[in-house]
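A short worksheet on the structure shown next.
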Amino acid sequence: MSGSPTPGQRLRRAWEANVLAIPGVFCPLVAKMAERLGFPAVYLSGGGLSASLGLPDIGLITLTEVVHQAQAICQATALPLICDADTGFGSSVNVERTVRQLEAAGVAGLHLEDQELPKRCGHLSGKTLISAEEMAAKIQAAVAARRDPNLVIIARTDARGVQGLEEAIRRARLYKQAGADVIFPEALESAEEFAVFAREVGGPLLANMTEFGRSPLLERSRLAQWGYRLVLYPLTALRLALRAAEAALRHLLTADHQRELLPQMYTRAELYDLLDYKGYEERDRRYFGLGPGRE
Ligand SMILES: C[C@](O)(C(=O)O)[C@H](CC(=O)O)C(=O)O
C-alpha cells in the first residue's frame with residue numbers, strides 16, 4: 001500500500017517496537033492529553049463510555065453511540081484508537097456492520113468478545129458464553145468485513161471466569177485460526193495464569209489491567225516478557241477523574257467559594273493550550289485576512 005500508513009499499520013508497528021501502555025480515554029479531550037503526554041495509542045472502553053452516559057456496562061449502549069465517540073476521538077488525535085466493540089452488537093452480520101462502521105470512523109483496531117448478549121463486565125460473575133464455533137464465525141466475519149487488511153481484530157475470550165483456563169486457551173487457539181490478530185484473555189486470576197496462557201497460545205496478546213477486578217495488577221515489563229504487547233488501563237483515568245469531580249462537588253456544596261481549589265485545577269491557560277486555541281485563532285485571522293475584499 002502506498003501513501004501514509006493506516007491506523008492499523010501504525011498500531012502494529014508500535015507494538016512490534018515496544019510493549020504498549022494504552023489508557024482508556026473517556027472523552028476526546030482526555031485522548032488529546034494522552035497524545036500530548038506521548039502515549040502510543042488510546043482505548044475507547046465500553047465500560048467507560050457506558051459509565052459516562054450514566055449507564056452500567058451490560059450491553060445497553062448502541063453501535064451508533066460507540067461509533068460516534070470513536071469518530072470524535074479519531075478526529076481529536078492522530079493516535080491509533082482501539083475500540084471496545086463488545087459482542088459486535090449481535091451475530092456475524094452485525095459484526096460485519098460494526099467493523100465497517102468503526103473502520104470508517106478511523107479506529108486502528110477493535111475487540112469482540114465471546115459473551116452472550118446482553119453482556120456483562122468481564123470481571124463480574126454470571127456471564128454466559130456463545131459457543132466457540134459461533135465466536136470463530138464472528139471473527140471470520142470481522143476479518144472479511146475490514147477494508148484495510150491491517151485493521152487489528154482482537155478476539156477477547158471471557159471463558160476463564162465461566163469454564164476455566166483450559167477452555168480459555170482452547171477458544172483462543174480457535175479464534176487465532178479464525179483470523180484474529182491479537183488475543184485478549186479476560187479476567188485471568190493470577191500472574192501464573194497470564195504466563196501459562198501466553199505460553200500455550202502465543203502472541204501477540206493483550207492484557208487488561210483494570211483495577212478492582214479479578215486480575216492482579218502486573219508490571220508491564222513482566223507481561224512483555226511473556227508476550228503481551230498491548231496493556232490496557234481502561235478505566236484508570238476515569239476512576240481518578242471521578243474522585244476529583246466528587247471532591248470538587250463536595251466542596252462547592254458547603255464552601256462559600258472555591259478559591260482554595262485553584263492550585264489543584266487545570267488552569268485556563270493549560271486548557272486552552274491543550275485545545276490549541278492559538279492555532280484556531282491564527283487560522284481564523286489568516287482566513288479572515290484572505291476573505292473577499294479584505295486583502
Ligand atoms: C475492558 C472493559 O470491557 C471495558 O469496557 O473497558 C471492562 C473494564 C472494567 O469493567 O473494568 C471489562 O474488563 O469488562
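First listed ligand is number 1; within each ligand, the first listed atom is number 1.
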- Query: Without hydrogens or angle criteria, can the side chains of Glu193 and Ser190 be said to hold a donor-acceptor pair below 3.5 Å?
  - Reply: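 There is no such pair between these side chains.
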Does any N/O atom on [X] come nearer than 3.5 Å to any N/O atom on ligand 1?
X: Glu211; result: no
X: Glu186; result: yes
X: Gly48; result: no
X: Phe184; result: no
X: His111; result: no

Nearest-neighbour protein heavy atom for [atom], which is reported as residue plus atom name and distance:
atom: atom 6 (O) of ligand 1; answer: Ser45 OG, 2.6 Å
atom: atom 14 (O) of ligand 1; answer: Gly122 N, 2.7 Å
atom: atom 5 (O) of ligand 1; answer: Gly47 N, 2.6 Å
atom: atom 10 (O) of ligand 1; answer: Cys121 SG, 3.2 Å
atom: atom 7 (C) of ligand 1; answer: Asp57 OD2, 4.3 Å

- Task: Show your reasoning for whether salt bridge (Lys or Arg N to Asp or Glu O under 4.0 Å) applies to Glu186 and Arg160.
- Result: CA-CA 7 Å; Glu186 175 67 322; Arg160 167 63 187 94; over 6 Å; no
Output the list of atoms in ligand 1 that are nearer than 4.0 Å to some heavy atom of [X], sorted by atom number.
X: Leu235; result: 9 (C), 10 (O), 11 (O)
X: Tyr43; result: 1 (C), 4 (C), 6 (O)
X: His123; result: 13 (O)

Return the [atom1] to [atom2] distance between [X] and [Y], rounded to the nearest 0.5 Å.
X: Glu96; Y: Arg100; atom1: CD; atom2: CZ; value: 5.0 Å
X: Glu167; Y: Asp158; atom1: CD; atom2: CG; value: 12.0 Å
X: Asp86; Y: Ser50; atom1: CG; atom2: OG; value: 7.0 Å
X: Arg199; Y: Trp226; atom1: CZ; atom2: CH2; value: 11.0 Å
X: Glu116; Y: Leu129; atom1: CD; atom2: CG; value: 8.5 Å

How does [X] reach ligand 1, if at all, at less than 4.0 Å between non-hydrogen atoms: by side chain, backbone, both, or neither?
X: Phe212; result: neither
X: Leu232; result: neither
X: Glu113; result: neither

- Query: Less than 4.0 Å between a side-chain N and a carboxylate O, is that true for Lys119 and Glu113?
  - Reply: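 Yes.
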- Query: Under a 4.0 Å N-O cut-off, is there an ion pair linking Glu134 with Lys138?
  - Reply: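 No, Glu134 and Lys138 are not salt-bridged.
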- Message: Heavy atoms only: which of Lys119, Arg120, Arg156 lies closest to atom 2 (C) of ligand 1?
- Response: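 Of the listed residues, Arg156 has the closest heavy atom.
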- Task: Counting heavy atoms only, name the option from Asp84, Thr210, Leu44 that's nearest to atom 8 (C) of ligand 1.
- Result: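 Closest candidate by heavy-atom distance is Thr210.
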- Task: Measure up the Phe184 and His111 rings against each other and bin them: parallel (under 30°), tilted (30 to 60°), perpendicular (over 60°).
- Result: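 Rings of Phe184 and His111: perpendicular, as their planes differ by over 60°.
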- Compute both the distance and the angle, then confirm whether Arg285 meets the cation-pi test with Phe288: under 6.0 Å from the six-membered ring centre, within 45 degrees of the axis.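 Not satisfied by the 6.0 Å and 45° rule.
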- Message: Run Tyr233 and Asn208 through side chain to side chain donor-acceptor pair (under 3.5 Å) and show every step you take.
- Response: CA-CA 7 Å; Tyr233 303 92; Asn208 177 12; over 6 Å; no
- Task: For Arg239 and ligand 1, answer yes if some heavy atom of the residue is under 4.0 Å from a ligand atom, otherwise no.
- Result: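 Yes; Arg239 lies near enough to ligand 1 that a heavy-atom distance drops under 4.0 Å.
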